[in-house]
Amino acid sequence: MSTSAALQTCPCQINPASETATAPLLYKDCCQPYHDSVLNKEVNKEADKTDGVQAETAERLMRTRYSAFMLIKPEYIVKTTLPAQQSLLDVTAIEEWATKTDWAGLEVVEHRAKLGKRHAQVEFKAYFRTPDGLQAHHELSAFVKVVNNTHHDTRWYFLDPTVPMSVTQKQPCICGSGEKFKRCCGLYS
């Protein structure tokens with residue numbers, strides 16, 4: 001990313017549906033530390049045993065994912081999806097979709113921070129331009145907080161409902177909670 005691009009407003013701070021005059025954050029002060037933390041770890045797996053900067057909330061993770069789509073960082077999209085789903089994602093399709101979309105901004109409609117023990121939902125509108133004008137992708141996304149025993153921490157992941165899973169309702173949950181799928185992530189997928 002060039003120096004001039006690094007000084008621009010973070011993509012997750014641009015909301016074409018709002019005329020509220022707030023002080024938007026710069027990319028370097030908003031989503032860049034999250035992107036760099038995950039992507040730098042990918043390049044140098046030994047550099048950071050603790051995985052660096054992590055999203056504190058599901059909304060923060062969703063915002064970093066939106067910015068990653070806008071800035072065409074498909075590896076970040078994959079790494080912030082539930083680990084059991086990551087190998088099932090089509091990185092080329094993610095990159096093509098991100099590249100072909102003329103992103104215009106993000107509106108967080110609602111963040112439901114506590115759904116049960118480890119889940120949250122974020123309702124948002126991701127705006128994009130088409131020849132017919134401004135359009136919005138309106139979504140209610142589910143997120144799960146997963147315990148990482150190796151690093152003795154927890155982190156948020158996106159629970160992708162478009163990934164075909166071969167898990168039954170009575171099998172252990174794909175997030176590793178130890179609960180049955182139907183009582184855990186199955187409620188939100």
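When reading the values below, keep in mind they use all heavy atoms of this one structure, side chains included, and skip hydrogens, waters and symmetry mates.
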**Message:** Out of the candidates Phe158, Phe124, Tyr188, Tyr157, only one should pair with Phe143 under the ring-ring contact (aromatic ring centres under 6.0 Å, His included) rule; please name it.
**Reply:**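 Going through Phe158, Phe124, Tyr188, Tyr157 one by one, the ring-ring contact (aromatic ring centres under 6.0 Å, His included) with Phe143 is satisfied by Phe158 alone.
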
Roughly how far, to the nearest 0.5 Å, is [atom2] of [Y] from [atom1] of [X]?
X	Y	atom1	atom2	answer
Thr101	Gln135	OG1	CD	12.0 Å
Arg63	His111	CZ	NE2	10.5 Å
Glu56	Thr154	CD	OG1	11.0 Å

A side-chain contact here means heavy atoms from C-beta on lying under 4.5 Å apart; do [X] and [Y] qualify?
X	Y	answer
Val147	Arg155	no
Tyr27	Gln8	no
Pro172	Lys180	no
Leu25	Thr9	no
Gln85	Pro164	no
Thr168	Phe181	no
Leu82	Asp160	no
Leu26	Cys10	no

State yes or no: do [X] and [Y] share one hydrophobic cluster built from I, L, V, M, F, W and Y residues joined by side-chain heavy-atom distances below 4.5 Å, directly or via other members?
X	Y	result
Ile72	Tyr34	no
Ile174	Val146	yes
Val122	Phe128	no
Met62	Leu140	no
Ile77	Val53	yes

Any sub-3.5 Å donor-acceptor pair from [X]'s side-chain atoms to [Y]'s backbone N or O?
X	Y	result
Ser177	Cys173	no
Arg60	Ala55	no
Thr64	Leu61	yes

**Request:** If a pair satisfies ring pair (Phe, Tyr, Trp, His ring centres under 6.0 Å) and one of its residues is in residues 56-75, list it, with sequence neighbours excluded.
**Result:**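 Checked against ring pair (Phe, Tyr, Trp, His ring centres under 6.0 Å) - neighbours excluded - the pairs reaching residues 56-75 are Tyr66-Trp103, Phe69-Trp97.
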
**Request:** With side-chain contact (heavy atoms from CB on, under 4.5 Å) as the test, would you mind laying out the steps for Leu106 and Asn15 before giving the verdict?
**Result:** CA-CA 5 Å; Leu106 176 69; Asn15 180 352; over 6 Å; no

Non-hydrogen atoms of [X] and [Y] that approach each other most closely:
X	Y	result
Cys175	Arg118	SG-CD, 4.1 Å
Ala68	Tyr76	CB-CD2, 3.6 Å
Ile94	Pro74	CG2-CB, 3.9 Å
Ala120	Ala113	CB-O, 3.6 Å
Cys30	Pro33	O-CD, 3.4 Å
Val144	His119	CG2-NE2, 3.5 Å

Using the test salt bridge (Lys or Arg N to Asp or Glu O under 4.0 Å), find all partners of [X] that sit at least two apart in sequence or belong to another chain.
X	value
Arg65	none
Arg112	Glu110, Glu123
Asp29	none

**Request:** Could you please spell out the steps behind the side-chain contact (heavy atoms from CB on, under 4.5 Å) verdict for Glu179 and Lys117?
**Result:** CA-CA 11 Å; Glu179 294 184 35; Lys117 297 175 189 174; 3.6 Å; yes

**Prompt:** Hydrophobic cluster mates of Tyr127, side-chain heavy atoms under 4.5 angstrom, ILVMFWY only, any path?
**Reply:**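 Once heavy-atom contacts under 4.5 Å are chained together, Tyr127 belongs with Leu134.
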
**Prompt:** Could you give all pairs that pass the salt bridge (Lys or Arg N to Asp or Glu O under 4.0 Å) test and reach residues 80-105, with sequence neighbours left out?
**Reply:**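 As it turns out, the salt bridge (Lys or Arg N to Asp or Glu O under 4.0 Å) pairs with a partner in residues 80-105, which skip direct neighbours, are Asp102-Arg129.
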
**Prompt:** Is it true that Lys79 and Glu75 make a salt bridge, defined as a side-chain N closer than 4.0 Å to a carboxylate O?
**Reply:**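 So Lys79 does not pair with Glu75 through a salt bridge.
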
**Evaluation steps, salt bridge (charged side-chain N to carboxylate O under 4.0 Å, His left out), between Lys125 and Glu139** = CA-CA 6 Å; Lys125 294 178 183 177; Glu139 184 175 316; over 6 Å; no

